[in-house]
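A short write-up of the structure that comes next.
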Amino acid sequence: MRFDGCWSPLGAGIDDPALRASYAYCRQMTLAREGALFGAGAGCVPSERRPHLWAWVQAVVHPDDLLDTDGPTAVRRADFDAWAGLVRDAVARGETPDPVARAWLHTMRSCGIDPAGYLAWLAALRADLTTTGYATYADLERYVADVAVPFTDWLLRVLDLPADRLREHCALLARAQQLTNFIRDTGDDARRLGRVYLPGEDLDRFGVTPADLCRSRATPAVRALIHFETERAHPLWTECRAALPALPFRIQVVWTMGITYYEEILRAIARHDYDVLAATRRGPTPVWPAATRQA
């Protein structure tokens, strides 16, 4: 089933066959990764902007996925640096055979996105290879400002929305999304990547150690910590909802779907007594064994 209607790059004035194929590849990869709900939301985006949306998604998630794959840090570092080098070379030469880089290069040109900003973002994102934790919530917020807020600015350009009026709302949306992701992925990040995004001061407050986050089930102290973090995230999503009327109606529909989806992640965590360590992932959605659900 197709959820994004008439998405053809021809609607965006893209008539080069290789470039059309690159955008089609970005669309295919995005729908495979993000699922039907994202595809349904993308159907609300004007058709002439939709190919750029697919390229934006892949330009953001592809390097992030390179940092989060299984395997030795040295391999992840080499793969990430290869991507950064490929993009740098594409910007310098004005062309590349890589389908994601080709589509993103065209999107940056078409939407007025500075390639230097994207390369600077990659440099900030690379910190995930060496930084394993954040001492305070303020430290975590600075990290989010460096790695999440920039790509929301690009999204505004991709969707041809007024950046000056909506930048603050997008930054709030990025903060809410990132904090929810950190909560959802607490166990996987700790066990598989050795990373703890939740602030060290919060772990100390609840008597939790990084080793506790590597368990297969949450202790009472971990559950209390996760409860605290979800209570911190809920008001951010409430603020996001309050800002929706400032958006064009079609974008309100898309963002309402996203906000609802992430609020449901927080509610699902509560229904499973805040045991995020027991959850696995099905795409972006957390899944728990039946025995963990509260009565």
Can you list everything that forms a side chain to side chain donor-acceptor pair (under 3.5 Å) with D128? Sequence neighbours excluded, please.
Y143, Y197
List in chain and number order the residues that pass salt bridge (Lys or Arg N to Asp or Glu O under 4.0 Å) with R109, two or more places apart in sequence or in another chain; answer none if no residue qualifies.
none
Considering all heavy atoms of both residues, which atom of L198 and which atom of L203 are nearest to each other, and what is their separation?
O-CD1, 3.8 Å
Which heavy atom of A148 sits nearest to which heavy atom of Q178, and what is that distance?
CB-CG, 3.5 Å
Hey, does the side chain of H106 reach the backbone of R102 with a donor-acceptor pair shorter than 3.5 angstrom?
no
I'd like to know whether CD of E168 has more than 12 heavy-atom contacts from other residues, nucleotides or ligands below 6.0 angstrom.
no
State whether the side chain of R49 and the backbone N or O of R157 hold a donor-acceptor pair below 3.5 Å, judged by distance alone.
yes
Checking D89 side chain against L86 main chain: does a donor-acceptor pair fall under 3.5 Å?
no
Pairwise distance CD(E141) to CG(L179) - rounded to 0.5 angstrom:
9.0 Å
Linking I/L/V/M/F/W/Y whenever their side-chain heavy atoms sit closer than 4.5 Å, directly or via other members, would V158 and L161 fall into one cluster?
yes
What heavy-atom pair brings F228 and R205 nearest, and what distance separates the two atoms?
CE1-NH1, 3.1 Å
Does one hydrophobic cluster hold both L140 and L193, with members joined at side-chain heavy-atom distances below 4.5 Å?
no
Return yes if some donor-acceptor pair links the side-chain N/O of R215 with the main-chain N/O of L277 below 3.5 Å, else return no.
no
For R76 and D70, indicate whether the former's side chain and the latter's backbone hold a donor-acceptor pair under 3.5 Å.
no
Over all heavy atoms of both residues, which pair between D146 and P150 is shortest? Give the atoms and the distance, please.
O-CG, 3.3 Å
Any donor-acceptor pair under 3.5 Å linking the side chain of R192 with the backbone of D68?
yes
So, for Y134 and D139, which heavy atoms are closest and what is the spacing to 0.1 Å?
CD2-O, 4.0 Å
Would you confirm whether D65, through its side chain, and H62, through its main-chain N or O, come within 3.5 Å as a donor-acceptor pair?
no
Between R271 and E264, is there a salt bridge with N-O shorter than 4.0 Å?
yes
Begin with the C-alpha distance, continue with both residues' side-chain angles, and end with the deciding distance and a verdict on side-chain hydrogen bond (donor to acceptor under 3.5 Å, both in side chains) for R241 and T260.
CA-CA 9 Å; R241 280 195 179 277; T260 301; 2.8 Å; yes
For the side chain of Q252 and the backbone of L247, is there at least one donor-acceptor N/O pair under 3.5 Å apart?
yes
Can you label the angle between the W121 ring and the W154 ring as parallel, tilted or perpendicular, going by 30° and 60°?
perpendicular
Would you say F182 and V61 are hydrophobically clustered, going by side-chain heavy atoms of ILVMFWY under 4.5 Å?
yes
Between L119 and W83, is there a shared hydrophobic cluster once you connect ILVMFWY residues whose side-chain heavy atoms come closer than 4.5 Å?
yes
Does the distance from a Lys or Arg side-chain N to an Asp or Glu carboxylate O, for D185 and R195, drop under 4.0 Å?
no
Between W56 (side chain only) and F151 (backbone N and O only), is there a donor and an acceptor less than 3.5 Å apart?
yes
For D275 and R223: C-alpha separation, side-chain torsions, deciding distance, then whether salt bridge (charged side-chain N to carboxylate O under 4.0 Å, His left out) applies.
CA-CA 6 Å; D275 189 0; R223 293 173 194 265; 3.7 Å; yes
Given 3.5 Å as the limit, does a donor-acceptor pair link the side chain of D16 with the main chain of A18, or not?
yes
Note: L105 and A90 closest approach over all heavy atoms is CD2-O, 3.6 Å
Applying the 4.5 Å side-chain criterion to the ILVMFWY set and letting contacts propagate, would V149 and L173 be lumped into a single cluster?
no
